[in-house]
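A, B, ... follow the sequence lines: proteins, then strands. Residue 1 opens every chain. The basis for the numbers below is simple: all heavy atoms, side chains too, and nothing from hydrogens, waters or symmetry mates.
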2 protein chains.
Amino acid sequence: MKGYLTFLILWTLKKSEMNGAEISREFEKRRGTKPSPGTIYPALKELRKNELIAMDKSKTYVLTEKGELELKSACKFFCKIFYDVNEMSHYSQE
Amino acid sequence: MKGYLTFLILWTLKKSEMNGAEISREFEKRRGTKPSPGTIYPALKELRKNELIAMDKSKTYVLTEKGELELKSACKFFCKIFYDVNEMSHYSQE
DNA sequence: AGATCAATATTGGATGTCCGATAAATATAT
DNA sequence: ATATATTTATCGGACATCCAATATTGATCT
């Protein structure tokens with residue numbers, strides 16, 4: 001399963017602003033492994049290029065307004081596709 | 001967002017056995033568009049090669065036992081990564 | 001049976017996604 | 001201030017993911 005990195009970066013930053021290393025640790029909590037530096041930093045750069053996130057002097061990232069809209073839209077999409085995620089959760093615990 | 005196709009095929013087949021066209025329509029319900037034939041059939045072939053699904057004479061697919069185990073494991077992983085999916089759902093409805 | 005439509009299969013390729021290696025910048029400790 | 005560790009940045013490339021186009025097979029109708 002791939003493809004959720006960008007989405008989760010936005011989601012993570014929505015909950016709390018952080019720098020790259022902190023985001024990486026957040027990923028480690030979620031899935032067990034940190035993304036490689038060659039993954040996370042280019043991803044952040046791309047998000048910044050698209051103005052979905054912004055960086056302050058101390059390299060802390062925040063969601064922009066555009067980023068919020070994008071995230072909301074992505075959440076909507078995600079929840080539609082996985083509308084039955086609760087069943088998945090139960091199933092995995094059988 | 002990519003990478004969830006195989007996972008959702010397994011999940012869909014867990015809920016009910018179907019043929020390729022029916023699986024495609026199930027995807028259409030979830031995300032709005034059907035996967036291309038060049039996507040769904042090679043994916044099914046690969047899953048069959050890995051013995052996660054099986055096909056009967058009428059080309060109806062079912063989860064194998066191995067497929068069930070794999071799916072359960074994938075669900076576990078998925079739910080761990082997206083443990084806060086309910087928040088996402090609420091956020092998308094704000 | 002012949003025509004028509006739906007379903008399946010295959011190929012080649014475009015793009016996405018991510019990593020490892022390496023280097024530079026920055027922070028921390030001694 | 002110097003050494004050490006952490007964080008950030010960049011490059012090239014491996015592999016995954018998916019599609020459009022095309023061909024074939026199978027079902028359905030007249």
Legend entry - Parallel, tilted or perpendicular, as decided by the 30° and 60° cut-offs, for the rings of A/F82 and B/F78: tilted

Legend entry - D/dT8 phosphate, OP1 or OP2, under 4.0 Å from A/N19 side-chain N/O: yes

Inset, instruction - For D/dT7, take OP1 and OP2 only and decide whether either is under 4.0 Å from a side-chain N or O of A/R25. - result: yes

What integer distance in Å separates [X]:[atom1] from [N]:[atom2]?
{"X": "A/E46", "N": "C/dT17", "atom1": "CD", "atom2": "C1'", "value": "12 Å"}
{"X": "B/K49", "N": "C/dT10", "atom1": "NZ", "atom2": "C1'", "value": "15 Å"}
{"X": "B/Y41", "N": "D/dG26", "atom1": "OH", "atom2": "P", "value": "13 Å"}
{"X": "A/L47", "N": "D/dT8", "atom1": "CG", "atom2": "C1'", "value": "16 Å"}
{"X": "A/M55", "N": "C/dA25", "atom1": "CE", "atom2": "P", "value": "14 Å"}
{"X": "B/E26", "N": "C/dA7", "atom1": "CD", "atom2": "P", "value": "15 Å"}
{"X": "A/K59", "N": "C/dA27", "atom1": "NZ", "atom2": "C1'", "value": "11 Å"}
{"X": "A/I9", "N": "C/dG16", "atom1": "CD1", "atom2": "P", "value": "16 Å"}

Legend entry - Whether B/E22 side chain and B/N19 backbone form a donor-acceptor pair below 3.5 Å: yes

Legend entry - B/T12 side chain to B/L8 backbone, donor-acceptor under 3.5 Å: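 Answer holds: yes.
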
Legend entry - Listed nucleotide nearest any side-chain atom of A/K45, set C/dA7, D/dA9, D/dT10: D/dT10

Inset, instruction - Tell me what B/F27 touches on the nucleic acid: a base, only sugar-phosphate, or nothing, going by heavy atoms under 4.0 Å. - result: nothing

Legend entry - Test ring pair (Phe, Tyr, Trp, His ring centres under 6.0 Å) applied to B/F27 - qualifying residues, sequence neighbours left out: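 Result, ring pair (Phe, Tyr, Trp, His ring centres under 6.0 Å) vs B/F27: none returned.
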
Inset, instruction - Only counting residues at least two apart or in another chain, list the ones meeting salt bridge (Lys or Arg N to Asp or Glu O under 4.0 Å) with A/K76. - result: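 A/K76: no salt bridge (Lys or Arg N to Asp or Glu O under 4.0 Å) contacts found.
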
Legend entry - salt bridge (Lys or Arg N to Asp or Glu O under 4.0 Å) partners for A/K14, two or more places apart: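 With sequence neighbours excluded, A/K14 shows a salt bridge (Lys or Arg N to Asp or Glu O under 4.0 Å) to no residue whatsoever.
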
Legend entry - Note, B/F7 side chain near B/C75 side chain (heavy atom, < 4.5 Å):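 Yes, at least one pair of side-chain atoms sits under 4.5 Å.
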
Legend entry - Bending between helix ends of the helix from C/dA1-D/dT30 to C/dT30-D/dA1 [5 pairs per end, 10° resolution]: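 If I round to tens, the end axes sit 40° apart.
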
Please list, pair by pair, any protein nitrogen or oxygen found under 3.5 Å from a nitrogen or oxygen in nucleotides 18-24 of chain D.
from	atom 1	to	atom 2	distance (Å)
D/dC18	OP1	B/G3	N	2.9
D/dC19	OP2	B/S36	N	3.4
D/dC19	OP2	B/T39	OG1	2.4
D/dC19	N4	B/G38	O	2.9
D/dA20	N7	B/S36	OG	3.1

Counting only pairs under 3.5 Å, give me each side-chain donor-acceptor contact of residues 33-54 of chain A, with atom names and distances, residues two or more places apart or in other chains.
from	atom 1	to	atom 2	distance (Å)
A/T33	OG1	A/R31	NE	3.4
A/S36	OG	A/G38	N	2.9

Inset, instruction - Consider only side-chain N and O atoms of B/E68 and A/Y91, and report whether a donor and an acceptor are under 3.5 Å apart. - result: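 Judged by distance alone, the side chains do pair up.
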
